[in-house]
Amino acid sequence: MAKPVGGLLGVWSSEDKLLEVAKKVKAEGFQKFDTITPFPVHGMDEAIGLKRSKIPIVTFFACIMGTLTGFGFQTYVFVYDWPMNIGGKPHFSLPAFVPIIFELTVLFGALITVGTMFAWNGLPNFTRVSPHARLSDDKFGLFIPENDHGYDVTKIDQLFQSLGAEEVVRVAEF
Amino acid sequence: MIKRNVLIAGNKTYHDITNDICQPIETLPGKGWFAYLAIAKTILLTWIICLVMIVGVGLGLLGLSHPVGWGTDITTFVFWIGIGHAGTLISAILFLFRQKWRTGINRAAEAMTIFAVMTAGLYPLLHVGRPWFAFWLLPYPNQRGPLWVNFNSPLVWDVFAVSTYATVSLVFWYVGMVPDLASVRDRAKNKIRKIVYGALSLGWTGTNRNWQHYEAAYLVLAGLSTPLVLSVHSIVSFDFAVALLPGWHTTIFPPYFVAGAIFSGFGMVVTLMVLVREGFPQMKDYITVDHLEVMNKIIMTTGMMVGYAYASEFFIAWYSGNDYERYIFLNRALGPYAWAYWIMVSCNVIIPQLFWFRKIRRSILVMFIISIFVNIGMWFERFVIIVTSLHRDFLPSSWGMYDFTVYDFFFVFGSFGFFLTLFLLFLRTIPMVAMAEVKPCLSVGREGGHHG
């Protein structure tokens, strides 16, 4: 996760308004800005210009890993390591392996997906503090970091005000 | 155009939602909650005493004996696992179907899933007789060869299915909870609360870059949980269906068990939600009568599926021409366990038919009573399947009855104390409604609402 940076935060109180704001800010040429909202806002990815999350690709390979683990492990145990004659059934009895292969596919897929999601989001991170306590409640914020292209406090302040921001906060570290 | 009903009643703002849902966490519980907790803990205590005696003395305290070697322990295991399924159905399957009414109840229903699976998991461990060796069920490299488990056995599939189900449900529940825990952290005025919820929420801030991955992961988890939940009860049913025993050896078992699981699970969700609405009046705006009505419709539908399965089993027993199969079913309906069979049929098939009437579907008192009947009926369903198939073996010299002891009773009854204690603690420590999921549904059904 990126190092904490300072910046300027504007606060609005409706998600529709924030969507407009994000589009305007994007049009002004900012790139590293982000919105902070109590729930995911539809259409915000496009407004900010984010590409689709690559999480499902990770899931796909994680699931394949689970499938191969389940198949490989059972085959190794039953065919090579300790073949047991159970009711005269073949050692390599694929249909009987399916339930465990399936369960391991799901298990690997789920755990690796969630692990990746937390890692990509930089979580856990116990030092990061939300710049405004109501942003997880009913307010919708847009944060422009200092290192963004064309960062200028007075200019952004005016931009936020002209877009009807309820509050503009200087954030030391986020 | 038919107007949609509001999902959240009472003209709330986002801030009202946060206040309503955080209130039980941020205030001291009242007398009512402590009264419930005292009852639940007392029942839990009877369970603990019962379990200690069963572990200390042995399984012989239960009615388990020849020919019925699977009794209340496996019955209750299947019962609790089934209860859990409604939570995953609500959180995953209804999510994929974009059923927004799920948002009011999904957190509590998933909590129910976790606690039900925790309860269920103990039964097979105790059923092995020497629970301190229960880890032998897992294939781990050991010094006995290594001697592995038998991967052709449905009982081993069950170990994998139930442990995967418990893990994935827990992860799914927790991931859904992280943004809400962050809301509680940001509101916290109390220092300890801030630290505890700060740690639990992992430093979530809700930036769009985070939400983006979060939503993708949540969708993927729902997609993985959907086949998982269907597979778990199918595999539980394999415990029976793969055996060559008349009454168990039927191909209808997997879908029949899954329908039964959803049926009983929704019964339990309705029971709990009615109590939650009574205990926390503000929740009536989130868990509305409309939501309960939809669940009652699901109960009736799945109840009829289960009824169809009962009928179809009888038809096949007759149509197969197999004497043993025919006998086992006649014995079920007319033999010494006919009382259990008819309790099952009346609770699962006949009583839910009352939900054809809209007035009954929307009556809190009636649905509460019916949901309890559903739970009783579904416990008896598993009892009937297990005990009636076993108690008259192929030779009349090995016929017997399941000798239901006082330990059997507390073994079953006490588990409700464990389950309810956990659920009561959940209500006071974790936001019981998913705030981050409810808030986007605020405009549904309102004038000028655009998300509808």
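A, B, ... follow the sequence lines: proteins, then strands. Residue 1 opens every chain.
- If you measure heavy-atom distances from B:E215 to chain A, the contacts under 4.5 Å come from the side chain alone.
- At a 4.5 Å heavy-atom cutoff, the contact between B:L221 and chain A is made by side-chain atoms alone.
- Checked against the 6.0 Å centroid criterion, the rings of A:F73 and A:Y76 do not qualify as a close aromatic pair.
- Heavy-atom distances place the side chain of B:V178, and not its backbone, under 4.5 Å from chain A.
- The closest side-chain donor-acceptor pair between B:T88 and B:S225, if any, does not fall under 3.5 angstrom.
- Counting heavy-atom pairs under 4.5 Å between each of A:P95, A:P124, A:G87 and chain B puts A:P124 at the top.
- Interface summary for chain B: among A:P131, A:A96, A:P40, the most heavy-atom pairs under 4.5 angstrom belong to A:P40.
- Taking B:T167, B:N150, B:V168 one by one and counting their heavy-atom pairs under 4.5 Å with chain A, the maximum is reached by B:N150.
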Item to check | Criterion side chain to side chain contact (heavy atoms under 4.5 Å, CB included) on B:S91 and B:F95, from CA distance to verdict | outcome: CA-CA 6 Å; B:S91 59; B:F95 179 76; over 6 Å; no
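- Ranked by heavy-atom pairs shorter than 4.5 Å toward chain B, the options A:V129, A:D137, A:I55 are led by A:D137.
- For the pair A:E167 and A:K139, the salt-bridge criterion is not met [side-chain N within less than 4.0 Å of a carboxylate O].
- Of the listed residues (A:A133, A:P99, A:S130), the one with the most heavy-atom contacts under 4.5 Å to chain B is A:P99.
- Heavy atoms of A:M44 lying under 4.5 Å from chain B belong to its backbone as well as its side chain.
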Checklist entry - When you look at B:W211 and B:Y214, which way does the ring pair (Phe, Tyr, Trp, His ring centres under 6.0 Å) test go after all the steps? => result CA-CA 5 Å; B:W211 277 120; B:Y214 176 90; 5.2 Å; yes
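- For A:F143, no part lies near chain B; criterion is any non-hydrogen pair under 4.5 Å.
- For A:L135, no part lies near chain B; criterion is any non-hydrogen pair under 4.5 Å.
- Between the side chains of B:S183 and B:D186, no donor N or O sits under 3.5 Å from an acceptor N or O.
- The contact between A:V106 and chain B is made by backbone and side chain atoms together, counting heavy-atom distances below 4.5 Å.
- Annotation for B:R144: atom CZ counts as buried by contact number, over 12 foreign heavy atoms lying within 6.0 Å.
- Per-residue heavy-atom pair counts under 4.5 Å with chain A were compared for B:L147, B:V242, B:D16, B:D180, and the maximum is reached by B:L147.
- Counting heavy-atom pairs closer than 4.5 Å to chain A, the top-ranked of the candidates B:P227, B:G198, B:P154, B:P179 is B:P227.
- Taking the ring centroids of A:F39 and A:F140, they lie under the 6.0 Å cut-off.
- Top candidate by heavy-atom pairs under 4.5 Å with chain A, chosen from B:N19, B:V156, B:V175, is B:V175.
- Interface residues of residues 21-34 of chain A toward chain B, defined by a heavy-atom distance below 4.5 Å and sorted by number: A:Q31, A:K32, A:F33, A:D34.
- The contact between A:R134 and chain B is made entirely by side chain atoms (from C-beta outward), counting heavy-atom distances below 4.5 Å.
- Counted by atom type alone, B:K439 and B:T103 present zero donor-acceptor pairs between their side chains at under 3.5 Å.
- Ion pair B:R102/B:E437 flagged as a salt bridge, since at least one NZ, NE, NH1 or NH2 atom sits closer than 4.0 Å to an Asp/Glu carboxylate oxygen.
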Next on the checklist: Between A:L9 and A:F160, does the side chain to side chain contact (heavy atoms under 4.5 Å, CB included) criterion hold? Intermediate values first, please.
Outcome noted: CA-CA 9 Å; A:L9 173 82; A:F160 282 171; 5.8 Å; no
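- For the side-chain contact (heavy atoms from CB on, under 4.5 Å) with A:E103, the lone residue among B:V162, B:V159, B:L228 that qualifies is B:L228.
- Within the 4.5 Å cutoff, the side chain of B:D239 has no heavy atoms near those of the B:F257 side chain.
- Proximity to chain B is limited to the side chain of A:T59, based on heavy atoms less than 4.5 angstrom apart.
- Shown here are the salt bridge (charged side-chain N to carboxylate O under 4.0 Å, His left out) partners of B:E26, two or more places apart in sequence or in another chain: B:R187.
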